[in-house]
Structures are given as structure tokens and as C-alpha cells.
There are 2 protein chains.
Amino acid sequence: MSSNNNPASWQLNCPVSIPANAEYVTLAHGEGGRLSRKLIQEHILASLNNEYLIALNDAAQLPKIEGPLALTTDSFVVSPLFFPGGDIGSLAIFGTVNDLAVSGAKPLWLTLSLILEEGFPLAILDRILESIARAARETCIKIVAGDTKVVPRGVADGLFINTAGVGELITPIPPGPATLQVDDELIISGPIGRHGIAVLATREELGLEPLPLSDCGSLLQSVELLRSGIGNQVRCLRDATRGGVAAVLHEWAEASELTLSIEERNVPVSPEVRGVCELLGLDPLHMANEGTMVIAVKPGAGTAAVEILKSIPETATAQQIGIVKSRGIVPVTIRRTLDSEQPLDDPLGSPLPRIC
Amino acid sequence: MSSNNNPASWQLNCPVSIPANAEYVTLAHGEGGRLSRKLIQEHILASLNNEYLIALNDAAQLPKIEGPLALTTDSFVVSPLFFPGGDIGSLAIFGTVNDLAVSGAKPLWLTLSLILEEGFPLAILDRILESIARAARETCIKIVAGDTKVVPRGVADGLFINTAGVGELITPIPPGPATLQVDDELIISGPIGRHGIAVLATREELGLEPLPLSDCGSLLQSVELLRSGIGNQVRCLRDATRGGVAAVLHEWAEASELTLSIEERNVPVSPEVRGVCELLGLDPLHMANEGTMVIAVKPGAGTAAVEILKSIPETATAQQIGIVKSRGIVPVTIRRTLDSEQPLDDPLGSPLPRIC
């Protein structure tokens, strides 16, 4: 399926066994005629139906939103499609829900667009649609509009997904990284690097037992608790996806023109992630997360923020990891073990393509 | 670039010559680090900047909308990327704007997500971004959020685009095809099949001179004129994209449980489209359009609708093509030349994959 004789993305770690009489996606499924409608009705609506999607109009007609809006989009090209702790479907929903949540919005509606490769098994698509439906239920969002395209064998890798999300901004809206001040406190919501390592270990077949789990999940509840508890103390939040925590810190340093300084010993890293990173010479701070966020709060509010996060299981290991300082020579510093501060690299690219 | 030794999609009909020192997309451009930010700032923002996009947050923060909302999404995988009359960029904007327009909404904001293939020339990306910017200006919409992913060589075909669009529903909102009644009148806004034939002629290198032009363009003005002129008389509108006019008529027949009946001699078809269709045994009614819509209006309102459409150049050849009848044996009938009525096929798939 993929062009270089590797197993197709959907074969690796796929939990679905393909029966002998399996049905496969054909080009005609993407062309707007009867087979397109059959795919939509028997597969997509079967998993995702709701009062808006059922209309199957060119655009969903939705009720008025009272407040200002948030709008976001993400495409997902993760390889493999299934990884420990999630799959491309749950990733697509949680990724977009989290983008809305950390922007200060209550997620309401999502669009879902599939680019399928000719020959993709419909049984696997159904499994991914179930995963999408489960993640949507968990986060109380509705998928209200969609699109399906099919491309010939060899010009995709099984399945790419795009989601776009609309949310309602809820006061107080975090004012963003440009408002960071000296002595603001930096917090991480949980152990870092889990998604990147889960995908890497699966894709490279590292033979780890058990495979480390991705943190792929919703940040909605933790953001809501922070808002209701210390909403006016929060400067900014960001889920640390591609580029990891290091990329977030560098973006915030650039936006604020200050230096962000962290202590390595305060950054939670699971033993599995630490083990793989040491083995392969990777820095967990550069590894992707899909349900872990960096938070900046006003001076003195860090302890309260950590306590709020520790009250729910998803963020039970939240930690204060550093503070904001006046602009020094480098934008982001890290104190590793007992050494003095050193620069934390801004990842140029990533050690690992296609993690989301 | 594509897997089967055909020229890459971006080589075919590409108006950009690639200089010797050209820069190409690398995997690192998609990984959220410095190169991702460089791609966004030097290429994407350079073409598309506005007050919302510049914030580069996880989600755009947007003002409140007064009325109810419309939300839509589409992915674009057209091959080739450039065709006479448009390219994947203008197609992505007009496609989503038209979906909002025919749903009764004023298009406001779009998201833009790019899936790039490693090795894609940045000069071609810039050309497509300019085309996106031009189409956005023409339709007065803003691109407020985006995403960029890069996949390895051979697992995409140059560039796939996803757009999602948010609009404000404007009263009177067309009530939709389920409300169709006997004697309603069916109208087409212009000559049909132009987009499908333009893509086909380019991709198959049919050697036609001049190449037939796609109708790729905005339906916004024509929909607004219909709304302000005879808004309460309109039952439903639909841009006849994949599956062509035949697919729209079949969807409406299914939704209304009535029979839709058209006269072939009233359906406008350009000589170029007719020529190619006759040569290849294709039916223009099955060919895709990207700026042409079908409209159903209440009995007696067809003449006014056609007159309104004829007042602007984009829809100067609008025609009434048929009427709605009580449900007969088949859902859609056509009278060809002097013969009696015969069934119009519902396309199973399409004569032509990847036209949008």
C-alpha cells in the first residue's frame, strides 16, 4: 500500500483482523454518486449520527452561539494508524478539542473530513469511526459536517483525517503568551513525551513489553477546573503536541520577549519514556504529547494550579517546572541535574515525523 | 513523486518554472519546530495574513455572530493541481464558500489545512497560496486558522488541501429538498460539466486547443441576488460538484420522494464540453461543476429566478431545465431530443476520480 515496500500503515499494530470476504474502499466511494452515499449512510452515519449530520446538506445549519467564537483545524497523518493508547480517530477528536480548550473555548461542533486510499479495508474504517464516536461522546461534542475523498492506491497511506472545530469562548479567556510577565510560573499537566514514544516504539517495532501508552486524551476537564478555580490567574495554556514542551516554551519566549527557565528534575517523565529516550539519545522535552499541556500562571498562583490539576486522575502528576525571567542571552534555559543553567534547544524539525 | 511513474501531479500543466536553486518541502517543515514556523511565517502568512491568523494560536478567537451558524468542510485532492480556469487553491476556497452560500449562509471565516508531500517545491506552494489569497479576497472571507503537515515522498501527491468554513445563516434560509412540491421548477445557473472536462482534458493530455475552462468560481453573488429578489420562493440550491447535475437531482428526488423531470434541450452545454463528451461517451449531466448550481423554486417562480441570474455575467446563461412531478416509476427522468421520457442514471461512482 505504501510505496516503499514497508507494510502499510494500517497493517502495523492493527487490532482488526480482515476477513476473507472483506470490503475495501474503491475510487467510486469518493465520487459523489450512489457508492459515496452508501459509504456515508452505512459506515459514517452508522457511527456518528446526530440531528445535524443526518441532514447531509452542503453545510450544517446550527443554532446561534451566545459568545465570541473559537475556530481551529488540524490534519492527522499519523503512522501507524493504531498505537497503544489511541488511534488516528481518537487523536483527531482529542487534538481538535484540546486546541479549543487551551484557547479558552468550550468545544461545540466538529467537522470530519476523510482522505481514504483506494483498497483501505472498510472494517478498519469502521473501527476508527467507532473510536471517533467514543471520543466525541466523551468530550460532548457533535460532528456536524463531513467530507470523504478517495485517492488511488499509492498516493496516500491508508487514511488521513482532517478535523475543524468550533467552540464558544468562555470568560475569562486566557490572554495569551504575549502577556507573560517576569516571575510568572510554568506548569506541566503530566508526564511528557508519552505520545511520541508510543508512536515511535510501535512504528519502529522496538519490541518493548508492554508498549508505552500514548497520553492521547482530552484536556477539557482540567482546563475547565483551572478556569473555575483560578481563571483570572491564567496567562496561557498550550497542549505540547509536535515539537513537545520545548517548542511551546520557545514560542512563548518569542511572543513575550522574555526568558523561560525550567528545572529538569521537576519535569515528570515516566520510566518507559525515560528508558527509550536514553536508549535512542532523544530528549523527552522534544517528544510530542497529545493530552498534556503547559500552563503559565501569574506569580504565586502555581501551587493552586497544581493542586487543582492533581484533583483529577488525568493530571494527577502535574508539576511546576519553572518560571519566567527577564530576557537573558537565550530564550529558554534548563537546569539539568546539579549543573548550571544551559540553553534548551528549539527543535529544528522533529526526531520523528508523522506523530500526529 | 507519485508511485506509478506517472509525472507528479504538480508537474502537469504547472505554470511555475522551478529554478535550479529551488527550495523544497522537507519532513521537518511539518514537525512543529523552527522550520514549521519559518514555513508559516515566510510563505503562509506572507500570502494570507489578517488580524486573526497573525495570532498563530491553537485556535482563532473570533467575534460573536448574531444569527445561527452554518459549518462545512471539504478536502481537495484534485489531480493535476493546476487546470485551465483554476488550481487546487482557488478550488478549495470557492468550493467551501459555495457550500456555505447554497446553504443560505454568508461565508465569514475559513480554516486551511495543508498536507504536503516531502519534496514539493516551495515556489509552487507560493503560487497556490497566492491563488488562495485572491479567491479569499474576491469572496470577502478570511482564513483565520490553519495547519500544515508533511508526509514522506510517495505517500501523498504533492499537495492535499482541507478547508472548513463558518458562515452566518441569513433569512430566508432555503428550507431544503425535503420540502419540494409537485410543479416546483428546476433551474441550472450555467453551462454544465466544465470543471470535469477541464480536469479530464488536462490530466489525460487530450491535446485540445484551447483547453476547455473550468467553471471554478464563486456562487456568492448569484445566491445573494436570488435571496434578495425571490428569497421566499427558493426551496433549495446545490452546487453540482462530484456526480454532477445528475447526482443533485437524485439526492433531491430521494429527499422529497418525488420525481424530478428535465428536458435535455434546455440544459446549457458548451460546444467544447459537448465535443469531449461525445468523443469519450460521457454524459455532461454526470460531469462535475465547481461554480454552477441547481436551484428549485416554487411553481411559477422559475422565470423570475432565471431573469435574476441572467443579470450577472457568471450566470448569464441560466435556464429552467425541468419541473418536479408526482412520484413515478423512476426518481429522475430526462426527455432527450424528441424521444419520450427516459430514466436519468444516478452515477454509481464517477467517470473520473479526483476532480476536486
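As the structure is a computational prediction, the values presented were derived from the model and not from experiment. Here is the naming used below: chain letters follow the sequence lines, and residue numbers restart at 1 for every chain.
Side-chain N or O atoms of B:Asn50 include one that pairs as donor or acceptor with a backbone N or O of B:Ile143 at under 3.5 Å. Looking at A:Asp157, its side chain never comes within 3.5 Å of a backbone N or O of A:Ser79 through a donor-acceptor pair. Put simply, the side chain of B:His250 gets close to the backbone of B:Asp346: a donor and an acceptor are under 3.5 Å apart.
Both tests do not hold together for B:Lys142 against B:Tyr52: distance to the six-membered ring centre under 6.0 Å, angle to the ring axis within 45°.
In this structure, A:Glu31 and A:Val150 approach most closely via the heavy-atom pair OE2-O, 4.4 Å. In this structure, B:Trp252 and B:Val294 approach most closely via the heavy-atom pair CH2-O, 3.4 Å. Nearest approach of B:Asn98 to B:Glu290, heavy atoms of both residues: ND2-O, 3.6 Å.
Heavy-atom pairs under 4.5 Å with chain B were tallied for A:Pro177, A:Gly146, A:Ala255; the largest tally goes to A:Gly146. When each of A:Asp58, A:Leu237, A:Val166, A:Thr26 is checked for heavy-atom pairs under 4.5 Å with chain B, A:Asp58 comes out on top. Across B:Gly165, B:Gly30, B:Ala178, B:Gly167, the residue that shares the most heavy-atom pairs under 4.5 angstrom with chain A is B:Gly30. For chain A, the option among B:Asp99, B:Leu71, B:Thr72 with the highest count of heavy-atom pairs below 4.5 Å is B:Leu71. Comparing B:Ala247, B:Ala145, B:Ala288, B:Ala59 by heavy-atom pairs within less than 4.5 Å of chain A, the highest count is held by B:Ala59. Between chain A and the options B:Ala164, B:Ala55, B:Gly176, B:Pro152, the largest number of non-hydrogen pairs under 4.5 Å is found for B:Pro152. With chain A as the partner, the residue from B:Leu100, B:Ile65, B:Ile115, B:Leu62 showing the most heavy-atom pairs under 4.5 Å is B:Leu62. Contact count versus chain A (heavy atoms, under 4.5 Å) is highest, among B:Thr111, B:Leu69, B:Leu114, for B:Leu69. Note: A:Ser75 leads A:Ser75, A:Ser36, A:Gly244, A:Pro68 in heavy-atom pairs under 4.5 Å with chain B.
Contact of B:Pro174 with chain A is made through the backbone alone, with heavy-atom distances under 4.5 Å. Heavy atoms closer than 4.5 Å to chain B are found in the backbone of A:Leu112, but not in its side chain. In this structure, chain B has a heavy atom under 4.5 Å from the side chain of A:Leu27, while its backbone stays farther away. In this structure, chain A has no heavy atom under 4.5 Å from any part of B:Thr96. For a residue to count as touching a neighbouring chain, one of its non-hydrogen atoms must lie under 4.5 Å from one of that chain's; by this rule A:Val144 touches chain B with the side chain only. At a 4.5 Å heavy-atom cutoff, the contact between A:Asp239 and chain B is made by backbone and side-chain atoms alike. Proximity to chain B is absent for every atom of A:Cys236, based on heavy atoms less than 4.5 angstrom apart. In this structure, no portion of A:Glu168 lies under 4.5 Å from any heavy atom of chain B. In this structure, the portion of A:Leu169 lying under 4.5 Å from any heavy atom of chain B is its side chain and not its backbone. Contact of A:Thr148 with chain B is made through the backbone alone, with heavy-atom distances under 4.5 Å.
Taking a cutoff of 4.0 Å between a charged side-chain nitrogen and a carboxylate oxygen, B:Arg34 and A:Asp345 do not qualify as a salt bridge. Using a cut-off of 4.0 Å between Lys/Arg side-chain N and Asp/Glu carboxylate O, B:Arg238 and B:Glu251 are scored as salt-bridged.
Of the N and O atoms on the side chains of B:Asn162 and A:Ser113, at least one donor lies less than 3.5 Å from an acceptor on the other residue.
For the pair B:Val151/B:Leu116, no side-chain contact is recorded, criterion being any heavy-atom separation below 4.5 Å from C-beta on. Counting only heavy atoms from C-beta outward, the side chains of B:Val223 and B:Met293 approach each other to under 4.5 Å.
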